[in-house]
J.: 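Next up is a structure, given as structure tokens.
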Amino acid sequence: MPRPLRIALVQQRATQDRADNVRRGLAAVERAAAAGARMIGFAELAFEPFHPQQPARGGDVLSLAEPVPGPTVTRFAEAARRLGVVIVLNLYERAGDRAFDSSPVIDADGSLLGVTRMIHITDYACFHEQDYYTPGDTGAPVYATRHGRVGVAICYDRHYPEYMRALALGGAEVVFVPQAGTTGEWPEGLYEAEMRVAAFQNGYFTALVNRVGKEPHLDFAGESFVCDPAGRVIARAGAGSDETLTCDLDLAKIAQSHARTLFLRDRRPELYKDWFSR
């Protein structure tokens with residue numbers, strides 16, 4: 001019988017000291033791997049302040065971003081190779097004259113499998129993301145890692161059922177959701193309900209890893225959590241705390257889920273596929 005897949009969600013605050021943020025992130029990877037984790041995920045813009053909390057105001061936002069691969073990816077790739085773990089990052093990526101909210105996915109041999117870029121870009125008070133991010137152009141890739149098939153839904157993308165379904169159709173077993181969610185941002189329980197429904201409807205595990213800590217304009221909530229393919233929350237981190245949440249996933253539950261035995265089987269996309277292009 002296959003052993004469970006242990007994942008870890010690193011919930012840590014980001015200070016103005018980027019080098020220290022990366023150092024603490026690498027230390028968290030070391031601890032998680034020592035505790036048996038084989039997949040490790042980080043929150044949105046995990047190693048830098050949340051830039052969109054204030055308008056860009058004509059500044060050179062590209063100077064805040066870094067290439068992929070680049071210095072951060074290189075350091076985490078070295079750790080992934082040495083420890084034999086899969087790492088899902090999130091950072092502010094510069095690609096030529098464009099910048100993206102991006103999640104590089106690193107396999108357990110240290111290779112960069114690809115980059116998921118946030119597709120849907122919002123804009124409202126303290127989330128001035130259209131000032132900073134170009135809409136992503138990578139689609140909804142699913143990565144065949146050494147330890148399982150991984151999809152990524154970056155923050156705002158999780159609100160789009162068609163995106164979450166695309167990850168299921170791509171064969172995702174675990175969907176990491178790097179998020180920057182604040183205290184009291186949405187009605188109580190809505191984030192959780194959304195991830196529970198996505199897991200249930202699509203037959204995969206959802207692993208939401210949230211920012212934490214007070215910044216100049218926002219107070220990030222933490223409370224990262226994991227849902228199983230039956231839509232149950234099976235692990236949760238604390239509110240406002242720096243911690244690494246670990247959780248064991250029984251991947252056999254995917255094939256047994258309602259989504260994989262019923263919902264995906266009984267789809268009739270020929271009757272409604274055109275709706276999604278309107």
J.: Side-chain contact test, heavy atoms from C-beta onward, threshold under 4.5 Å: evaluate it for F47 versus L89 and give yes or no.
T.: yes
J.: For R81, is there an ion pair with D109 - N to carboxylate O distance below 4.0 angstrom?
T.: no
J.: Are there more than 12 heavy atoms of other residues, nucleotides or ligands under 6.0 Å from atom NE2 of H258?
T.: no
J.: Can you see which heavy atom on H147 is nearest to which on A108, and at what distance?
T.: NE2-CB, 3.8 Å
J.: Which heavy atom in A32 sits nearest to a heavy atom in A8, and how many Å separate them?
T.: CB-CB, 3.7 Å
J.: Determine whether D157 and V152 satisfy the following criterion, side-chain contact (heavy atoms from CB on, under 4.5 Å), listing intermediate values before the conclusion.
T.: CA-CA 9 Å; D157 284 342; V152 186; over 6 Å; no
J.: Are a donor atom and an acceptor atom from the side chains of T134 and R117 found within less than 3.5 Å of each other?
T.: no
J.: How many angstroms lie between CZ in R165 and CG in L264, if you round to the nearest 0.5 Å?
T.: 5.0 Å
J.: Mind listing the closest non-hydrogen atom pair of V73 and P104 along with its distance?
T.: CG2-CG, 3.8 Å
J.: If only atom types and distance count, is the side chain of Q11 paired as donor or acceptor with the main-chain N or O of G238 below 3.5 Å?
T.: yes
J.: Once rounded to the nearest 0.5 Å, what's the spacing between atom OG of S224 and atom CG of L245?
T.: 6.5 Å
J.: Show, in sequence, the C-alpha distance, side-chain angles and deciding distance for M195 and M164, and conclude whether the side-chain contact (heavy atoms from CB on, under 4.5 Å) test is met.
T.: CA-CA 10 Å; M195 291 296 92; M164 303 303 283; 4.3 Å; yes
J.: Give the cluster check for Y163 versus V175: same hydrophobic cluster or not, with ILVMFWY residues linked at side-chain heavy-atom distances below 4.5 Å.
T.: yes
J.: Tell me whether R13 is salt-bridged to D242, with the criterion being a basic N under 4.0 Å from an acidic carboxylate O.
T.: yes
J.: To the closest 0.5 Å, what do you measure between CZ (F50) and NE2 (H217)?
T.: 12.0 Å
J.: Determine whether the aromatic ring centres of F263 and F200 lie less than 6.0 Å apart.
T.: yes
J.: Regarding S103 and N90, do their side chains bring together a donor and an acceptor under 3.5 Å, going by distance alone?
T.: yes
J.: Is a side-chain donor or acceptor of R149 paired with a backbone partner of V142 at a separation under 3.5 angstrom?
T.: no
J.: Establish, yes or no, whether a centroid distance under 6.0 Å links the rings of F127 and Y156.
T.: no
J.: Using a strict threshold of under 4.0 Å (side-chain N to carboxylate O), is an ion pair present between E173 and R260?
T.: no
J.: Working to the nearest 0.5 Å, report the span between CZ of R31 and OG1 of T244.
T.: 5.5 Å
J.: For a side-chain contact (heavy atoms from CB on, under 4.5 Å) check, start with the C-alpha distance between L169 and R267, then their side-chain angles and the critical distance, and finish with the verdict.
T.: CA-CA 11 Å; L169 297 177; R267 293 172 66 244; 3.8 Å; yes
J.: Could you tell me whether the side chain of D228 and the main chain of G231 form a donor-acceptor pair under 3.5 Å?
T.: yes
J.: Does some side-chain heavy atom of V61 sit less than 4.5 Å from a side-chain heavy atom of D131?
T.: no
J.: Do E192 and R196 meet the salt-bridge criterion of a basic N to acidic O distance under 4.0 Å?
T.: yes
J.: Would a 4.5 Å heavy-atom cut-off, applied to side chains only, mark D20 and R23 as touching?
T.: yes
J.: Looking at L9 and V226, what are the two nearest heavy atoms and their distance?
T.: CD1-CG2, 3.9 Å
J.: Group every Ile, Leu, Val, Met, Phe, Trp and Tyr by side-chain heavy-atom contacts under 4.5 Å, then state whether I154 and V88 land in the same group.
T.: yes
J.: Quick one: does Y92's side chain have a donor or acceptor within less than 3.5 Å of a partner on E48's backbone?
T.: no
J.: Is a side-chain donor or acceptor of Y132 paired with a backbone partner of H128 at a separation under 3.5 angstrom?
T.: no
J.: Is Q12 reaching over with its side chain to a backbone N or O of N21, donor-acceptor style, under 3.5 angstrom?
T.: yes
J.: Identify the two heavy atoms, one from V22 and one from R75, that lie closest to each other, and give their separation to 0.1 Å.
T.: CG1-NH1, 3.8 Å
J.: Can you tell if the side chain of Y191 reaches within under 4.5 Å of the side chain of R158, non-hydrogen atoms only?
T.: yes
J.: With side chains defined as the heavy atoms from C-beta onward, is the minimum distance between R18 and T72 less than 4.5 Å?
T.: yes
J.: Minimum heavy-atom separation for L112 to P69, with atom names?
T.: CD2-CD, 4.2 Å
J.: Using the rule that two of Ile, Leu, Val, Met, Phe, Trp, Tyr join whenever any of their side-chain heavy atoms come within less than 4.5 Å, decide whether V115 and V174 are in one cluster.
T.: no
J.: Could you tell me the separation between the CD atom of E30 and the CG atom of L83, rounded to the nearest 0.5 Å?
T.: 5.0 Å
J.: Are the side chains of I87 and V85 in contact, using a 4.5 Å heavy-atom criterion?
T.: yes
J.: Should R38 and R6 count as side-chain neighbours, where that means a heavy-atom distance under 4.5 Å?
T.: no
J.: Would you say V105 and F42 are hydrophobically clustered, going by side-chain heavy atoms of ILVMFWY under 4.5 Å?
T.: no
J.: Should we say atom CD of E162 is surrounded by more than 12 heavy atoms from elsewhere, each under 6.0 Å from it?
T.: yes
J.: List the steps, then state whether side-chain contact (heavy atoms from CB on, under 4.5 Å) holds for Y143 with T116.
T.: CA-CA 10 Å; Y143 305 94; T116 295; 2.8 Å; yes
J.: Quick one: do L271 and L262 end up in the same hydrophobic cluster if we chain Ile, Leu, Val, Met, Phe, Trp and Tyr together by side-chain heavy atoms under 4.5 Å apart?
T.: no
J.: I'd like to check V233 versus C227 (side-chain heavy atoms, cut-off strictly below 4.5 Å). Are they in contact?
T.: yes
J.: About how many Å separate CD1 of I254 and CG of N202, when rounded to the nearest 0.5 Å?
T.: 11.5 Å
